[in-house]
Amino acid sequence: MPQLRMEPEQFGVLGGEESLMAELSERVQKVVKSSSWWERHGVDASILACSLLALPAGFLCLRSARAVPFLAGILILGVVHHTLSVKGSHLASHNALSESKSWGKVWAVFFIELCSAFTAEQATYNHVKLHHGYTNVIGLGDSSTWKLPFLNRYVYMFVAPLAVPIITPLVALGTNVGLKVAARTVCCMSLGLYCHYWLLLHASAFQSPWSALLCMLLTRSLLAHPYIHVNIFQHIGLPMFAADRKPKRIHLMSLGVLNLPRNALLDWAFGHSLISCHVEHHLFPGLSDNMCLKIKPVVSQYLKEKKLPYNEDTYGARLRLFLRQYEELMVRAPPITELVGIQ
């Protein structure tokens, strides 16, 4: 069992771990209170709105018989799909798009079910209750749902992501939810998928159903590789804990979460909270992507000031690590870490 020794100054010997989180929360709250509605919600809402407004251009580009406009259409629709289904769904699951709970439920159904073809309640439970509530806790929020140990490293990392658009609705249909929720999910998923298919046939003038279905698969899987990679890079390979021996929140998140560098495409399509501000997002999950970016200097400075980990690595370095140590990271059970000096 790996052990990490934490020195007294690393867990606040004078006030305990709760005081560390309280002090950080106070600093972050000052930033949030001084921020305008535009900063708290408007920036991310505008990105989602721009994505919706770009849809007609994407479908019209696909009408062209020339390669460049056609490929531009694929790129536009692919980026728009992932912006709505990843960024939009993620923010909606945390109710970070609006300060109204009622509107939050509407956005969750729209982005998660209509755009992403998944069940809103199940997505929120899996992500918010389990993954965030028990980050890197074995058997609960340890990201093991992303593991497919029967696949070899190259198939998993480079081929399997192409199946995400097919697997997602199938998994949704297999979730154990009430009849009312199941009926709503099936209706919303079917509407979203059919609208995409219908627009390809009529707005983009595709000649056959199969070519339209192939285009749907291509656009919906355009950024599936970084989507899968990001989800495993930022937790797997970092310390994992037993449920009865997990540290307090600030240590759990600083040890078990990693930030990737900023990337213009992924920042737009996935959001800052999933890329360069993942540590900040796990500490303050109710904040929007733009606010996570704004509090990033405060959080990083505070953790470094208290000599707590602030994990950062590049996309390329994590990819090489996972290809090199795939068996250890993605096939075998992770070792349980114990913090000596805290429990």
Side-chain angles (χ1 to χ4, degrees), residues 12 15-51 83 86-108 110-112 123-124 127-129 131-135 141 230 234 248-263 266-306 308-312:
E17 295 173 271
E18 289 81 1
S19 67
L20 289 176
M21 191 64 206
E23 185 180 357
L24 176 58
S25 297
E26 186 178 348
R27 294 189 187 185
V28 168
Q29 195 60 33
K30 287 180 181 178
V31 177
V32 174
K33 286 182 177 179
S34 66
S35 302
S36 64
W37 178 88
W38 174 256
E39 291 174 302
R40 296 196 310 273
H41 302 293
V43 172
D44 293 296
S46 296
I47 291 172
L48 295 170
C50 287
S51 297
T83 304
V86 179
K87 179 185 176 71
S89 295
H90 186 232
L91 291 173
S93 70
H94 287 285
N95 196 32
L97 286 170
S98 170
E99 293 173 7
S100 164
K101 289 187 177 180
S102 299
W103 273 108
K105 291 178 181 178
V106 172
W107 294 130
F110 175 76
F111 287 111
I112 299 174
T124 301
H127 183 71
V128 179
K129 300 295 184 184
H131 177 62
H132 275 271
Y134 301 93
T135 301
V230 163
Q234 294 182 317
K248 296 293 185 180
R249 180 177 179 80
I250 193 166
H251 285 96
L252 188 64
M253 302 311 174
S254 65
L255 286 165
V257 186
L258 177 141
N259 284 345
L260 295 169
R262 293 194 65 178
N263 176 288
L266 298 185
D267 284 346
W268 177 277
F270 295 173
H272 299 298
S273 60
L274 289 180
I275 306 299
S276 61
C277 304
H278 205 51
V279 174
E280 290 74 13
H281 170 62
H282 268 263
L283 286 167
F284 303 97
L287 297 181
S288 66
D289 287 329
N290 187 62
M291 284 307 302
C292 283
L293 184 64
K294 188 172 181 180
I295 68 166
K296 183 181 175 73
V298 176
V299 173
S300 61
Q301 179 184 352
Y302 183 81
L303 294 181
K304 291 171 183 176
E305 175 187 315
K306 299 299 180 181
L308 290 169
Y310 187 74
N311 297 312
E312 295 178 290

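Residues satisfying the side chain to side chain contact (heavy atoms under 4.5 Å, CB included) test with Ala123, not counting sequence neighbours, are Ile112, Phe118. By the side chain to side chain donor-acceptor pair (under 3.5 Å) test, Ser254 is found to be paired with no residue, residues two or more places apart in sequence or in another chain being considered. By the ring-ring contact (aromatic ring centres under 6.0 Å, His included) test, Trp103 pairs with Trp107, sequence neighbours left out. Applying the side chain to side chain contact (heavy atoms under 4.5 Å, CB included) test to Ser36 and every residue at least two apart in sequence or in another chain returns Trp38, Glu39. With sequence neighbours left out, the ring-ring contact (aromatic ring centres under 6.0 Å, His included) criterion links His272 to no other residue. Applying the side chain to side chain donor-acceptor pair (under 3.5 Å) test to Ser98 and every residue at least two apart in sequence or in another chain returns nothing. In this view, Gln29 satisfies the side chain to side chain donor-acceptor pair (under 3.5 Å) rule with no residue, not counting sequence neighbours. Residues meeting the salt bridge (charged side-chain N to carboxylate O under 4.0 Å, His left out) test with Lys296, sequence neighbours left out: none. Under the salt bridge (charged side-chain N to carboxylate O under 4.0 Å, His left out) criterion, Glu26 pairs with no residue, sequence neighbours left out. Remark: Tyr134 pairs with no residue by the side chain to side chain donor-acceptor pair (under 3.5 Å) rule, at least two apart or across chains.
Closest approach of Phe111 to Ser89, counting heavy atoms only: O-OG, 2.9 Å. The shortest non-hydrogen separation linking Val298 to Leu24 is O-CD1, 4.5 Å. Nearest heavy-atom pair, His278 versus Val257, reported as atom, atom and distance to 0.1 Å: CD2-CG1, 3.3 Å. Of all non-hydrogen atoms in Ser288 and Ala96, the two that sit nearest each other are CB-O, 4.0 Å. Heavy atoms only, all atoms of each residue included: Leu308 and His251 are closest at CD2-NE2, 3.2 Å. Across all non-hydrogen atoms, the minimal contact from Leu293 to Cys277 is CA-SG, 3.6 Å.
The list of salt bridge (charged side-chain N to carboxylate O under 4.0 Å, His left out) pairs with a residue in residues 266-293, not counting sequence neighbours, reads Lys87-Asp289, Arg262-Asp267. Applying the salt bridge (charged side-chain N to carboxylate O under 4.0 Å, His left out) test to every pair with at least one member in residues 99-108, sequence neighbours left out, gives these pairs: Arg40-Glu99.
From Arg249, atom CZ reaches atom CE of Met21 across 5.0 Å, with rounding to the nearest 0.5 Å. Taking OG of Ser93 as the start and NZ of Lys129 as the end, the distance is 11.5 Å to the nearest 0.5 Å. To the nearest 0.5 Å, atoms CG (Leu91) and CG (Leu274) are separated by 8.0 Å. Of the inter-residue distances, the one linking Asn290 atom CG with Ile47 atom CD1 reads 7.5 Å to the nearest 0.5 angstrom. Here the NE2 atom belonging to His41 is positioned 10.5 Å from the OG atom belonging to Ser35, to the nearest 0.5 angstrom. Distance CG/Leu287 to OG/Ser273: 9.5 Å, rounded to 0.5 Å.
Within the 3.5 Å criterion, the main-chain N or O of Gln301 finds no donor-acceptor partner in the side chain of Tyr310. At distances below 3.5 Å, at least one donor-acceptor pair connects side-chain atoms of Gln234 with backbone N or O atoms of Ile275. Under a 3.5 Å cut-off, the side chain of Asn95 and the backbone N or O of Gly286 do not form any donor-acceptor pair.
Taking the side chain as every heavy atom from C-beta outward, Leu48 and Leu97 approach each other to under 4.5 Å. Counting heavy atoms from C-beta outward, Val279 and Leu303 have side chains that approach closer than 4.5 Å. Side-chain atoms of His90 and Phe270, non-hydrogen and from C-beta on, never get closer than 4.5 Å to each other. Using a 4.5 Å heavy-atom cutoff, the side chains of His94 and Val128 are in contact. In this structure, Phe284 and Ser25 have side chains that are in contact, with non-hydrogen atoms separated by less than 4.5 Å.
Between His132 and His281, the ring planes are perpendicular. Angles over 60° get that label, and only those under 30° would be called parallel.
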Given the rule in the side chain to side chain donor-acceptor pair (under 3.5 Å) test, do Thr135 and His282 qualify, once you have shown the distances and angles that lead to the verdict?
CA-CA 8 Å; Thr135 301; His282 268 263; 3.2 Å; yes

